[in-house]
Amino acid sequence: IQNIKDTEEVLISAREKAEESDRMKSAFLANMSHEIRTPLNAIVGFSGLLVDTEDMEERCEYIKIVQENNDLLLQLISDILDLSKIEAGTFEFTYGETDVNMLCEDIVRSSQIKVPQGIELVFDPHPSDCTVISDRNRLHQVISNFVNNALKFTSSGSIHVGYEKKEEGVEFYVSDTGIGISKEQLTHIFERFVKLNSFIHGTGLGLSICKSIVEQLGGVIGVDSEEGKGARFWFTIPYQPADTDNKKEDKHQPISVQKDKLTILIAEDNESNYRLFQSILKREYNLVHAWDGKEAVNLYKLHNPQIILMDINMPVMDGYEATREIRKLSLDVPIIAVTAFAYASDEQRVMENGFDGYMAKPISAPQLRQQIAAILQKRIILL
């Protein structure tokens, strides 16, 4: 009789878990449907209006709305892919030397374009050097998520990014002067699908994904906040210092060129993608287009460009092989991989194969210009 009761309890428990799982799946699908359709509605609607309006002010406003919703949709897709990888146990980590100051400076610099008037985004005073062994991309993902959340909930004042070396490791933080978080919300903040404000765009997945990342890096994540008094999101990772004696120095010889003759070679086999690059860059640079890797090598010999944007997946000769051939001709010309392969392992492979930079598609015009400007500052002397 006891065995029958035990079996009955097990079956009841299994049924309740299955029903709860089914409810969560239904809630997830309903939430995702809403979150996908909302930006899509704006993208489709305002793209159509762009064709009909001739007023330049209205066109600029519509373009801005479309771009904002493109970003929301892309973030949503990234979050769903990350969640699926966490569920499947295939979330990737690629460890290597990470310059903490460069990481934080990069995040603050790239986030400046999103900062509205009346808010100051700053990188707090920090040690002159801090290099750790960790996954740079995942650290970037967590800190960027903190900054993006701070921007959503801060209407005036400041947002501070920083880190401190502590006994237990390195503590990273993002603090803001925003609306803060209530005690009730604080206890659930890192759970899935939790949103502080249902009228602010987002999936409610970001902080849950951040928690998984930090824990898999061997760290701890948390938040300190009072309603109306801002918030301070933080996480600590074990401090495993890199061997600073073996840090690579940039030994590239700077390239000199007259400003009006600066040429960029774009290796891209998709016509629409090339036209996008062309639209972004044609006013400032001379452009040369190669349809495949082999043509890229030949055009490099012919035009001697100062920067190369290299797609990876191309016919005849792919981006890796083309880069190897160009590196036989020059070790100094900056080559940026621009690719739809967007996993951490792809970036690691790119950086180990002769490239100087990496950008994942879809391409953001401000980020592309910023990446090129950074190369110009470091590697090219304009006469």
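Keep in mind that the numbers below use all heavy atoms, side chains included, and drop hydrogens, waters and symmetry copies. Bear in mind the structure is a predicted one, so any value in this text is a computation, not a measurement.
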Taking the side chain as every heavy atom from C-beta outward, state whether [X] and [Y] have any atom pair closer than 4.5 Å.
{"X": "S256", "Y": "I381", "result": "yes"}
{"X": "C130", "Y": "Y239", "result": "yes"}
{"X": "V122", "Y": "S158", "result": "no"}
{"X": "I308", "Y": "I336", "result": "no"}
{"X": "I133", "Y": "T98", "result": "no"}
{"X": "H140", "Y": "I107", "result": "yes"}
{"X": "I307", "Y": "I380", "result": "yes"}
{"X": "D224", "Y": "Y173", "result": "no"}

Handout entry: Step-by-step side chain to side chain donor-acceptor pair (under 3.5 Å) determination, Y274 to D269
Key = CA-CA 8 Å; Y274 174 69; D269 66 313; over 6 Å; no
Problem - Test side-chain hydrogen bond (donor to acceptor under 3.5 Å, both in side chains) applied to T53 - qualifying residues, sequence neighbours left out - result: E58
Using atom types as modelled and distance alone, determine if a side-chain donor or acceptor of [X] lies under 3.5 Å from a backbone N or O of [Y].
{"X": "N69", "Y": "I65", "result": "yes"}
{"X": "Q112", "Y": "L121", "result": "yes"}
{"X": "H289", "Y": "A267", "result": "no"}
{"X": "E164", "Y": "G162", "result": "no"}
{"X": "S111", "Y": "V108", "result": "no"}
{"X": "N148", "Y": "S144", "result": "yes"}
{"X": "R138", "Y": "F93", "result": "no"}
{"X": "E268", "Y": "N270", "result": "yes"}
{"X": "S134", "Y": "R136", "result": "no"}
{"X": "T263", "Y": "K261", "result": "yes"}

Exercise for the section: For the residue pair F172 and F235, categorise the inter-ring angle as parallel (less than 30°), tilted (30 to 60°) or perpendicular (more than 60°). Expected result: parallel
Practice task
Describe, in one word, how the ring planes of Y62 and F46 are oriented to each other, choosing from parallel (under 30°), tilted (30 to 60°) and perpendicular (over 60°).
Solution key: tilted
Fill in the blank from the handout: Tested for side-chain contact (heavy atoms from CB on, under 4.5 Å) against V142, the lone hit among I237, V214, V174, V147 is V214
Problem - With V338, the side-chain contact (heavy atoms from CB on, under 4.5 Å) member among L309, D311, I266 - result: L309
Salt bridge (Lys or Arg N to Asp or Glu O under 4.0 Å) against [X], all qualifying residues, sequence neighbours excluded:
{"X": "D176", "result": "none"}
{"X": "D356", "result": "R327, R379"}
{"X": "E284", "result": "R369"}
{"X": "E295", "result": "none"}

Nearest heavy-atom pair of [X] and [Y]: which atoms, and what distance?
{"X": "I326", "Y": "A296", "result": "CD1-O, 4.4 Å"}
{"X": "L376", "Y": "Y285", "result": "CD1-OH, 3.6 Å"}
{"X": "A322", "Y": "M310", "result": "CB-CE, 3.8 Å"}

Practice task
Inspect the contact between E325 and K328 and indicate whether a charged nitrogen and a carboxylate oxygen are less than 4.0 angstrom apart.
Solution key: yes
Polar side chain donor-acceptor pair, [X] to [Y], under 3.5 angstrom:
{"X": "R275", "Y": "Q278", "result": "no"}
{"X": "N101", "Y": "Y163", "result": "yes"}
{"X": "E16", "Y": "S13", "result": "no"}

Handout entry: Joint cluster assignment, L329 & V288, ILVMFWY side-chain distance < 4.5 Å
Key = yes
Problem - With K294 via side-chain contact (heavy atoms from CB on, under 4.5 Å) - residues at least two apart - result: D292, N298, V316, M317
Practice task
May I ask you to check whether H126 and F123 place their ring centres under 6.0 Å from each other?
Solution key: yes
Handout entry: Over 12 non-hydrogen atoms of neighbours within 6.0 angstrom of CD in E226
Key = no
Practice task
Give a yes or no on whether K165 atom NZ has more than 12 heavy-atom contacts from other residues, nucleotides or ligands under 6.0 Å away.
Solution key: yes
